[in-house]
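Here is the structure we will look at, set down as structure tokens.
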Amino acid sequence: SSSDDQLPAFLKSGIYRLNDANAFFINPVRVLNRSYTRCRVSASTYYSRFFPSFNLPPENQSNSPNNSKKRKRRQKEKTKVQYLNSREEMADRRHQDVRSVLLKAHEALLGETQLLEKLRCLRNDGERCNVESISQGTELNFVELGSVWQASFYEIMLKLHEDDTTLENAGVGSCELLFNNHIGNDGSDDIEAELLDRKYILPKKSSFYMSDLKQIHNLIPAEPDSGFNLIVIDPPWENSSAHQKQKYPTLPNRYFLSLPIKQLTHSDGALVALWVTNREKLRSFVENELFPKWGVKHAATLYWLKVKEDGFLISELDLFHHRPYECLLLGFCHGNGMNTEELLGLNNIPDNQVVISVPGDYSRKPPIGEVLMEYVPGRKPARCIELFSREMISGWTSWGNEPLRFQDARYFL
Ligand code: SAM
């Protein structure tokens, strides 16, 4: 079976290809751990959310709910279906188009019994006796920290490790201004940093720039050949959910029109990957206004299907407002050399690929960089940046108003 060949590789890489289904299963903890040599990402703090179970066999998940609460909900949705306005109709059409692709990917996952077994112990993945090493206390709120008048004085101390005498770690052991400043770890080991009595872990060969959107132009490289080949963007889209409002500030769509995607693009071109919600209004804004304004040409769509540790979907596939999946729109932005058509021709991305994973913290996306890498234009290693990031990854620049969020030592062993 494909499990026999793939399981050992999956345990190392965190990525499992579901054959014949154009799909992957990802364990983000294992993927992220490849950025670290001394510390390890803690699975129990990564998988901090619990999802209510609706214990139906997968073939029934979208067909015949058997309890009355669910039946009522379904009926409500059904009545709604009769009165779909044109926007809802469009959203429903998109959903119907991708439904079979998602079901096929999910079925492929459910067919991998050995993989499913591994899924069940995802949360305590090798963590038996490490609980005390997780640091306690409250996490820093960087969004708040960055908005006070003292913000420009805050410093972070990059700590020297006993055996860090190498030249590549020249900056380690120094204090750096926290906001509006490029801070990096060029070394080939992760390092520890200290800020207001809390510890942060910076992965090898990574950097961050913490600022508000107003300062994003500071990221624009002086030379086009020091631009980026892979640009992942997860904007703080406005959303009616009150829950989201407490988690991070959001911005109206028009703010994203001015993101300097063209100026961040490497002269060899860039693959641009944009996370979007399932709201139809947003999808049409991206297609008709945002991508054209950025100079990005849409190439393919990738879907992130969310499952629980038992392999079931986190919610019913056909629930109109709670889809168990999100979309990543992929497109190309050309540099000086090739035009977009040539880039599209050279890097043929299969449409409707599916990435399956168990979700971590609220709105936290799985690390999809490696899945995308084969479609990234230009020389390797590719230069990668994530905009509106909350974490750091080896080989990447992270920008946002809280890129250290998930680097707090409490997320590590
Ligand atoms: N991709 C991230 C992850 O997987 O954890 C989630 C990103 S979340 C959707 C959007 C981020 O944008 C939040 O961290 C939010 O604080 C940040 N943000 C909101 N307004 C911002 C602004 N004006 N400037 C910079 N970042 C901002």
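Predicted model, so just to flag it, every value in this text is computed and none were measured. For ligands, and for the atoms within them, numbers begin at 1 and follow the listed sequence.
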Sub-4.0 Å atoms of ligand 1 with respect to non-hydrogen atoms of Lys365: 3 (C), 4 (O)
Contacting atoms of ligand 1, where contact means under 4.0 angstrom from a heavy atom of Arg364: 3 (C), 4 (O), 5 (O)
Near-ring test Phe179/Phe208, centroid separation under 6.0 angstrom: no
Aromatic Phe320 / basic Arg323 pairing, under 6.0 angstrom, 45° off normal: yes
Ligand 1-proximal atoms of Asp361, by part, heavy-atom distance under 4.0 Å: neither
Non-hydrogen atom of Phe406 closer than 4.0 Å to ligand 1: yes
Aromatic ring pairing Trp294/Phe291, orientation class (parallel under 30°, perpendicular over 60°, tilted between): tilted
Ligand 1-proximal atoms of Pro235, by part, heavy-atom distance under 4.0 Å: backbone
Donor-acceptor pair, side chain of Arg198 and main chain of Glu139, under 3.5 angstrom: no
Ser211: numbered ligand 1 atoms lying under 4.0 Å from its heavy atoms: 25 (C)
Per-atom contacts, ligand 1 versus Ser363 - under 4.0 Å to a heavy atom: 3 (C), 4 (O), 6 (C), 9 (C)
Proximal candidate to atom 10 (C) of ligand 1 [heavy atom criterion; set Ile233, Val143, Asp234]: Asp234
Heavy-atom proximity to atom 16 (O) of ligand 1, best of Asn401, Val232, Leu213: Asn401
Close-contact set for ligand 1 against Arg390 heavy atoms, below 4.0 Å: 2 (C), 3 (C), 5 (O), 6 (C), 14 (O)
Residue pair Asn218 / Tyr209, side-chain donor-acceptor N/O under 3.5 Å: yes
Atoms in ligand 1 with a heavy atom of Trp399 nearer than 4.0 Å: 25 (C)
Check: Phe51 ring centre within less than 6.0 Å of Phe312 ring centre: no
Name of the residue among Asn124, Asp361, Asn27 meeting side-chain hydrogen bond (donor to acceptor under 3.5 Å, both in side chains) with Tyr47: Asn27
Under 3.5 Å: N/O of Ser389 near N/O of ligand 1: no
Pair Ser357-Trp304, side-chain donor/acceptor within less than 3.5 Å: yes
Proximity flag Pro249 to ligand 1, non-hydrogen atoms under 4.0 Å: yes
Parallel, tilted or perpendicular: ring planes of Phe256 versus Phe388, cut at 30 and 60 degrees: perpendicular
For Glu402, the ligand 1 atoms whose distance to one of its heavy atoms is below 4.0 Å: 13 (C), 14 (O), 15 (C), 16 (O)
Phe142 touching ligand 1 at heavy-atom level, < 4.0 angstrom: no
Close-contact set for ligand 1 against Glu386 heavy atoms, below 4.0 Å: 1 (N)
Distance-only donor-acceptor check, side chains Glu112 and Tyr16, under 3.5 Å: yes
